[in-house]
There are 2 protein chains.
Amino acid sequence: MAIEVDDILRRNSLSVTDSRKKILSLFLSIHGALAHGDIERKAGEKFDRVTVYRTLQTFVEKGIIHTIPTTDNSVRYALCKDNCTEGHHHDNHIHFICMQCGSTLCLEEVLVPEVRLPKGFTSSEIEVVIKGICKECNNKKNSPIVETAGLRLRL
Amino acid sequence: MAIEVDDILRRNSLSVTDSRKKILSLFLSIHGALAHGDIERKAGEKFDRVTVYRTLQTFVEKGIIHTIPTTDNSVRYALCKDNCTEGHHHDNHIHFICMQCGSTLCLEEVLVPEVRLPKGFTSSEIEVVIKGICKECNNKKNSPIVETAGLRLRL
DNA sequence: ATTGTCGCGCAACTGAGTTGCAAAATCTAT
DNA sequence: ATAGATTTTGCAACTCAGTTGCGCGACAAT
Ligand SMILES: [Mn+2]
Ligand SMILES: [Mn+2]
Ligand SMILES: [Zn+2]
Ligand SMILES: [Zn+2]
């Protein structure tokens, strides 16, 4: 994994630095998207916030991560799994925001649907964001309720 | 029109004030969406920016306008044409951003497509934003080029 | 190891959006 | 129409995310 991180950086002709390694490995380890704040919290003790901003920006430019727009106007970032390159993203999938656990997921397996535009319009990019309850949270809802120490909990 | 504005405000039990009238009539007169900045520019000479913020917020809460998320993380607002009510928006249409003229449009006639989510996921809201070239701009592209005073212009 | 390039941290700045409060406008009841 | 209660406005002050410039230290090429 440490090797993979170095490799990705080198492949994108980025010098291998502590902050880049740390932030990139965060993305590799987590399943889902990260907001700037998350990263600052998980890696920020060690690095300046400016560095986090600049690193994210660099990663987006290189096509290592992509941004996900949200209704509440806060940007999130996730690894590009398709092979995006410098200046050319083609993450052709939809995004899901769980309103229970708050996690943002790339649904790689769900392709963006065809949309028939009115005559005269031409499209070059389509962004689909769905809000709802994720698989994990739905599973929990159906799991048995446990009573311990006066508390009723779902596992 | 002045009557319509007053009427909409009253129907939503809002007191009829100059700023609300002005901003609402802006939305009624324009075809498309407005960013906060646009409104400040077109109506802001007369009203404080705080008033603009608060007015937009009130209109959104009442279901008079709705927000449109954009990739560049700037919110835009457009009239709700479906009969949205306090706390209950149901603008079931997609949004289009023209990369040439910059305008944001509600494509009321295009319903949001069905999306088949992976097993376990449930959705409650779906947001589709398409970037491209709008009808008008495409038309201009095909219109004849006029040469005047050494300039080459499309009509 | 030397040298030139690049990334980092710091500090200072910018600009969007928010808040509290007193004055002004609107509404309601007489 | 008037007066009093209520709502909205404008101002000033503030917060907080994101940006910029710059000197120092880390990195990569030789
Ligand atoms: Mn994604
Ligand atoms: Mn709309
Ligand atoms: Zn969830
Ligand atoms: Zn256009």
Side-chain angles (χ1 to χ4, degrees), chain A residues 2-3 5-27 33-62 64-77 86 104, chain B residues 2-3 5-26 33-62 64-65 67-77 86 104:
Chain A
I3 295 170
V5 168
D6 286 31
D7 217 50
I8 295 176
L9 292 174
R10 291 236 167 70
R11 261 209 308 278
N12 288 280
S13 39
L14 291 174
S15 31
V16 179
T17 66
D18 286 353
S19 47
R20 285 175 182 168
K21 283 196 282 187
K22 175 68 181 172
I23 293 176
L24 181 49
S25 60
L26 257 181
F27 276 108
L34 294 168
H36 179 274
D38 299 326
I39 297 164
E40 228 180 291
R41 241 166 283 125
K42 290 180 184 170
E45 308 298 326
K46 193 130 189 326
F47 306 107
D48 195 81
R49 11 177 253 117
V50 179
T51 303
V52 176
Y53 281 115
R54 290 199 268 228
T55 304
L56 290 172
Q57 200 176 302
T58 308
F59 285 179
V60 170
E61 282 164 8
K62 289 292 184 177
I64 299 173
I65 61 178
H66 63 275
T67 60
I68 304 170
T70 56
T71 331
D72 66 328
N73 224 36
S74 71
V75 188
R76 306 202 180 179
Y77 302 87
E86 187 141 8
T104 302
Chain B
I3 295 170
V5 167
D6 287 33
D7 216 51
I8 294 176
L9 292 173
R10 291 235 167 71
R11 262 208 308 278
N12 288 279
S13 39
L14 290 174
S15 29
V16 179
T17 66
D18 286 353
S19 48
R20 285 176 182 167
K21 282 195 284 188
K22 174 68 182 174
I23 293 176
L24 182 50
S25 61
L26 257 182
L34 294 168
H36 179 276
D38 299 326
I39 297 164
E40 226 179 292
R41 239 166 286 125
K42 290 180 183 168
E45 307 298 325
K46 192 130 187 330
F47 307 107
D48 194 81
R49 11 177 253 117
V50 179
T51 303
V52 176
Y53 281 115
R54 291 199 267 230
T55 304
L56 290 173
Q57 199 176 303
T58 308
F59 285 179
V60 171
E61 282 163 9
K62 291 290 184 179
I64 299 173
I65 60 178
T67 60
I68 304 170
T70 56
T71 331
D72 67 326
N73 224 35
S74 71
V75 190
R76 306 205 180 177
Y77 303 86
E86 188 140 8
T104 302

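Convention: sequence-line order gives letters A, B, ...; per-chain numbering from 1.
Atom NZ in B:K21 sits about 14 Å away from atom C1' in D:dT8, given to the nearest Å. Between A:R10 atom CZ and C:dC6 atom C1' there is a gap of 15 Å when expressed in whole angstrom units. In this structure, CG of A:L14 is placed 10 Å from P of D:dA28, rounded to the nearest angstrom. Atom pair A:F47:CZ and C:dC10:P shows a separation of 12 Å (rounding to whole Å applied). One atom, CG of B:N12, and another, P of D:dT7, lie 16 Å apart when rounded to the nearest Å. Rounded to whole angstrom, the span from the CZ atom of B:R76 across to the P atom of C:dG17 amounts to 13 Å. Nucleotide D:dT7 holds its P atom 16 Å from the CD atom of B:Q57, rounded to whole Å. Atom CD in B:E40 sits about 14 Å away from atom C1' in C:dT18, given to the nearest Å.
Residue B:Y53 is the one, among B:T17 and B:Y53, whose nearest nucleotide of DNA chain C lies closer to the 5' end (criterion: closest heavy atom).
Between the B:R20 side chain and the B:S15 main chain, a donor and an acceptor come within less than 3.5 Å of each other.
Set against C:dC8, D:dC27, C:dG17, the side chain of A:R20 has C:dC8 as its closest nucleotide. Out of C:dC27, D:dT19, C:dG17, the shortest distance to the side chain of B:R49 is found at C:dG17. The side chain of B:R54 lies closest to C:dT19 when the candidates are C:dT19, D:dA28, C:dA11. The nucleotide whose nearest atom lies closest to any side-chain atom of A:V50 is, among C:dT18, D:dT9, C:dC10, C:dC10. Closest to the A:D48 side chain, of the nucleotides C:dC8, C:dG9, D:dC27, is C:dG9.
Within the structure, a side-chain polar atom (N or O) of B:S19 is placed less than 4.0 Å from OP1 or OP2 of D:dT9.
Under the 4.0 Å criterion applied to side-chain N and carboxylate O atoms, A:R10 and A:D7 are not assigned as salt-bridge partners.
Residue contacts shown for A:T58 are absent, as no nucleic acid heavy atom lies under 4.0 Å away.
Of all heavy-atom pairs spanning B:L56 and B:I39, the tightest one is CD2-CD1, 3.6 Å. Closest of all the heavy-atom pairs between B:R49 and B:H36 is O-NE2, 4.0 Å.
Here A:Y77 and A:H66 keep their ring centres 6.0 angstrom or further from each other.
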